[in-house]
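Below is one structure, written out as structure tokens; the observations come after it.
Residue numbers run from 1 in the order of the sequence given.
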Amino acid sequence: MFQLNENFQKLPGSYLFSTIGKKVNAFTQANPDKKIIRLGIGDVTQPLAPAIIEALHKAVDEMAAAETFHGYAPDLGYEFLRSAIVSAYKERGCDISSDEVFVSDGAKSDSGNIQEIFSVNNRIAVCDPVYPVYVDSNAMAGRTGVYNKETEMWSNVIYMPCTMENDFVPEFPKETPDIIYLCLPNNPTGTTITKEQLSEWVNYANKVGAVIIYDAAYEAYISEDNVAHSIYECEGAKTCAIELKSFSKNAGFTGVRLGYTIVPKELKSGDVSLNAMWARRHGTKFNGAPYIVQRAGEAVFSMEGKAQLKEQVAYYMKNASEIKTGLKDAGYTVFGGVNAPYIWLKTPDGTTSWEFFDYLLENANVVGTPGSGFGPSGEGYFRLTAFGSYENTLAALERIRKL
Ligand code: MLT
């Protein structure tokens, strides 16, 4: 008789964005005449940039002729893409070699999968609130202990609260973690820390022998000079950090799917190289991102691609600035939106995150994301994304102002 992975039974509810999707569907079915504006999930709305479309067309044509057809991609990614990635790191002063780059089908998969190379006995530390994939994937692996429905916390997870009281900067935990997840600029709060503060985390990890899983999915949105674009800008990071990168937010690949992970060769446990372990895992479980998509990824680093994407990022950041100013003027307390495409607001009059979600959906027909869905310290906060169209962003603001 087969047995199930009982860790799945311990997971509370459904994945955050599935729960929201269900609620919104129920509302639209009951109110078919209402025009919903979706500023919930951080999904992009602008079309792919012309340089990317051109690369896609060219690659599709190559697939049509036997001489230029491509079958299985190399496990770790095509050299043309890996070397474009290496050059981008070099421009930031980071010395990464192409055999430290692992191309994948997106940072969500990598952020869920990376825990596989670590012992089930490791203790993870996460910011609270946090992107739910880090905790849920560790829960599925049996690393998080028992879930307490009252506190909405796992017994074996170290939570690092990030709230307005500490300027959303995680503090070193009292108990020593083995694996530290950091997402900077941060999803969901839209805030970030300085390079100096990040260097302190690198020193801490090296001192206690922890590994940092550094999710830099929102790096393209950094506007301030004192913020690191990669953890490898900090001295010592190559002996303690794995970096996850996405093409979703900087290049609109949410529906195309492409990402990469950097596992430095210096990152070791005793004599064992984490780079070799991840290569083994990747080679066994993944047959490479599609050739067509990797060519599109290469175009992201071209001169034209870079210029076009800079404009796209500026478009979304204009939305962020409109939301931030508009909500402030309407009396809300707001954070983020300067180095990230998310606005994090305090829910008004002590309403809970979910109460505010329902209120906004029913009265303004605007969908956001309840802060408590990202962890207990997100209670009393609410996230709006800047990834909508400019017109929808302004329309949503107008509706919220009128409430
Ligand atoms: C979010 O809304 O938090 C993100 O879009 C989810 C993701 O990137 O998977």
Side-chain angles (χ1 to χ4, degrees), residues 14-24 36-48 105-112 126-127 129-137 162 168 181-192 214-223 244-259 300 309 312-324 327 334-345 353 357 360-361 366-375 378 381-390 392-393 396-397:
S14 57
Y15 183 61
L16 172 62
F17 292 104
S18 316
T19 310
I20 292 173
K22 278 183 209 141
K23 267 184 169 262
V24 176
I36 302 279
I37 300 180
R38 293 168 197 267
L39 302 181
I41 191 163
D43 195 3
V44 293
T45 50
Q46 290 298 293
L48 293 172
D105 64 348
K108 183 176 184 180
S109 319
D110 284 351
S111 62
V126 293
C127 293
V130 72
Y131 180 45
V133 176
Y134 313 148
V135 176
D136 286 5
S137 56
C162 295
F168 304 96
Y181 284 85
L182 293 178
C183 172
L184 296 163
N186 186 255
N187 176 19
T189 65
T191 59
T192 196
Y214 191 75
D215 185 345
Y218 299 92
E219 169 270 319
Y221 292 85
I222 294 172
S223 69
L244 312 175
K245 290 294 289 281
S246 167
F247 286 81
S248 289
K249 319 290 171 166
N250 64 327
F253 277 38
T254 52
V256 179
R257 307 310 306 152
L258 192 66
V300 168
L309 293 173
Q312 210 167 74
V313 165
Y315 174 94
Y316 291 131
M317 286 312 272
K318 188 170 169 205
N319 290 347
S321 155
E322 294 280 3
I323 301 173
K324 197 163 182 178
L327 290 180
V334 283
F335 307 93
V338 176
N339 294 294
Y342 294 124
I343 306 296
W344 190 242
L345 58 113
S353 302
F357 173 89
L360 220 56
L361 178 61
V366 171
V367 181
T369 310
S372 56
F374 297 99
Y381 292 92
F382 196 77
R383 193 190 78 175
L384 290 174
T385 162
F387 285 125
S389 70
Y390 185 63
N392 273 348
T393 302
L397 267 177

- Item | OH on Y381 to SG on C162, rounded to 0.5 Å | 10.0 Å
- Query: NZ/K249 to OG1/T385 distance, rounded to the nearest 0.5 angstrom?
  - Reply: 7.5 Å
- Note on the structure: One should read off an interatomic distance between T192 OG1 and N186 CG, to the nearest 0.5 angstrom, of 7.5 Å
- Item | Flag for E322-Y390: side-chain donor and acceptor within less than 3.5 Å | yes
- CZ of F387 to CG of D43: how many Å apart, nearest 0.5 Å? 8.5 Å
- Task: Search all heavy atoms of Y131 against all heavy atoms of S111 and return the closest pair with its distance.
- Result: CE2-OG, 4.0 Å
- Out of curiosity, T189 OG1 to F374 CZ, how far, rounded to the nearest 0.5 Å? 10.0 Å
- From the list L397, N392, T393, side chain to side chain contact (heavy atoms under 4.5 Å, CB included) partner of N319 resolves to T393
- Item | 4.5 Å side-chain heavy-atom contact, V338 and S223 | yes
- So OH of Y315 and OG of S389: to nearest 0.5 Å the spacing works out to 5.0 Å
- Considering all heavy atoms of both residues, which atom of A220 and which atom of N250 are nearest to each other, and what is their separation? CB-CB, 3.5 Å
- Counting only N and O atoms by type, is there a donor-acceptor contact under 3.5 Å from the side chain of T369 to the main-chain atoms of G40? yes
- Message: Parallel, tilted or perpendicular, judged at 30° and 60°: which one describes the rings of Y218 and Y221?
- Response: tilted
- Message: Is it the case that the side chain of Y316 and the backbone of Q46 share a donor-acceptor pair, with hydrogens and angles ignored and the cut-off at 3.5 Å?
- Response: yes
